[in-house]
Amino acid sequence: MNVTSVDFTMDTLPVRQSSTVSIGRIKPELYKQKSVDSEEGAKEPVETCGKLSFALSYDYEEQALVVCILKALDLPAKDFTGTSDPYVKIYLLPERKKKFQTRVHRKTLNPTFDETFRFPVEYSELCNRKLHFSVFDFDRFTSHDMIGEVVVDNLFELSDLSREAVVWKDILAATTESVDLGEIMYSLCYLPTAGRMTLTVIKCRNLKAMDITGYSDPYVKVSLICDGRRLKKRKTTTKKNTLNPVYNEAIIFDIPPENVEQVSLSITVMDYDRVGHNEVIGVCRAGPDAEGLGRDHWNEMLAYPRKPITHWHALCEWPGRASSFESQGSCPSPRPPQTP
């Protein structure tokens, strides 16, 4: 296990009275330990925007999954004319190198596609695959609008695919194409007495393929953030030609307890490129100002000091170079108290 240490002294952080929250206010009973691979609580209902019909079967001679996109019903209107110009993109995850797309159907909310696509895949591998349909509204002059998506986690949901099975699925509303960028598993552990936090990058799975070989050369970059500025950054080793790298590498940050609520972590999975620029595969955050699991993971770390807390985190799209995540520098030193 490779361990790197980052100096983090108290005089580099501002003391913000309005945002500082003591560790004692966290209720440990709210952060009960869960299995690493378990779902994180009940999911809120998702808005639907129409239905998609498709047929699935397996061609044993050609060793291919046959997907026929039939039709969609009751799509939302995305154009000012009260209609849409829909089309569908389809992936067989976790592979991303093979993607299909239907034709665009003009000015309709109930398109009939009747298009068939074949994904070469062994029958024994189908239990490890899932289908992802992304429904878009075509726009000639601007970026295409995302209408929604359908994900089939279990390809044997209705039959063994020896015969064609027709499926109707609700299209779940989405604003961005959420084709899997992959997931990262890491643990957080905080020692209040030593003022030390350890982030251990354990592994990733189903990463997006960035190279023409259908693989990536991933490494993980961890940045320590304060007031939107990056104080320090450290990275793991690079794993070659894999979409499921295993690291087991730890990074240590020295953070005094009185400053732990003023910092956060940016975890970025990168693809190494020996010739051009390294590319971002996906990012996630952990900290008091993160969203969802990123915030819960941080709070759970504080609620269970000296104990490594491990979770899988889904990777999100890179927010762009203009994001405050990449602003370098250090936090201003706390102002001395005014003398009475």
Side-chain angles (χ1 to χ4, degrees), residues 46-123 125-126 129-159 161-181 206 208-212 214 317:
V46 180
E47 177 189 355
T48 60
C49 47
K51 290 181 176 293
L52 181 70
S53 176
F54 52 92
L56 303 178
S57 62
Y58 188 77
D59 187 326
Y60 292 92
E61 292 185 1
E62 295 188 10
Q63 289 193 317
L65 177 67
V66 182
V67 182
C68 180
I69 302 180
L70 300 174
K71 62 179 68 175
L73 293 177
D74 302 326
L75 296 180
K78 291 291 186 177
D79 301 335
F80 68 92
T81 58
T83 61
S84 292
D85 300 322
Y87 67 92
V88 180
K89 289 198 295 186
I90 178 173
Y91 298 85
L92 183 62
L93 301 176
E95 299 282 344
R96 287 178 54 91
K97 58 184 177 181
K98 196 168 189 64
K99 174 187 69 175
F100 292 110
Q101 179 175 314
T102 68
R103 295 185 297 273
V104 176
H105 289 252
R106 301 287 184 177
K107 301 183 184 304
T108 177
L109 302 180
N110 300 285
T112 297
F113 298 103
D114 280 333
E115 295 186 50
T116 301
F117 308 100
R118 294 174 177 268
F119 290 95
V121 59
E122 294 184 5
Y123 187 83
E125 285 294 313
L126 290 177
R129 302 299 186 91
K130 58 183 178 180
L131 274 174
H132 187 286
F133 300 88
S134 298
V135 185
F136 283 87
D137 170 53
F138 176 83
D139 194 312
R140 179 181 298 178
F141 302 105
T142 63
S143 59
H144 302 178
D145 294 324
M146 180 77 168
I147 293 176
E149 61 187 5
V150 172
V151 179
V152 182
D153 292 310
N154 181 11
L155 293 173
F156 299 104
E157 183 176 351
L158 296 180
S159 73
L161 301 180
S162 58
R163 297 180 179 179
E164 186 176 79
V166 177
V167 183
W168 280 96
K169 287 283 189 179
D170 287 330
I171 301 172
L172 303 183
T175 55
T176 58
E177 188 176 12
S178 59
V179 171
D180 279 348
L181 298 175
N206 301 334
K208 175 184 176 182
M210 304 294 284
D211 303 333
I212 59 174
E317 291 284 351

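Nothing fancy with the numbering, it's 1 onward along the sequence.
Heavy atoms only, all atoms of each residue included: Phe136 and Met146 are closest at CZ-SD, 3.5 Å. The shortest non-hydrogen separation linking Ile69 to Phe113 is O-CB, 3.4 Å. The minimum heavy-atom distance between Ile90 and Phe133, with the atom names listed, is CD1-CE2, 3.3 Å.
With sequence neighbours left out, Thr108 forms a side chain to side chain donor-acceptor pair (under 3.5 Å) with no residue at all. Applying the salt bridge (Lys or Arg N to Asp or Glu O under 4.0 Å) rule to Glu125 yields no partners; only residues at least two apart in sequence or on another chain are considered. With sequence neighbours excluded, the residues forming a side chain to side chain contact (heavy atoms under 4.5 Å, CB included) with Ser57 are Val66, Glu164, listed by chain and number. Here Lys169 pairs with Glu157 under the salt bridge (Lys or Arg N to Asp or Glu O under 4.0 Å) rule; sequence neighbours left out. Among residues two or more places apart in sequence or in another chain, the salt bridge (Lys or Arg N to Asp or Glu O under 4.0 Å) test is passed with Lys107 by none.
No donor-acceptor pair closer than 3.5 Å links the side chain of Asp170 to the backbone N or O of Leu172.
Listed by first and then second residue, the side-chain hydrogen bond (donor to acceptor under 3.5 Å, both in side chains) pairs involving residues 65-86 are Thr81-Thr83 (not counting sequence neighbours).
By the 30° and 60° cut-offs, the orientation of the rings of Phe100 relative to Phe117 is parallel.
Here the CG atom belonging to Leu75 is positioned 5.0 Å from the CD1 atom belonging to Ile171, to the nearest 0.5 angstrom.
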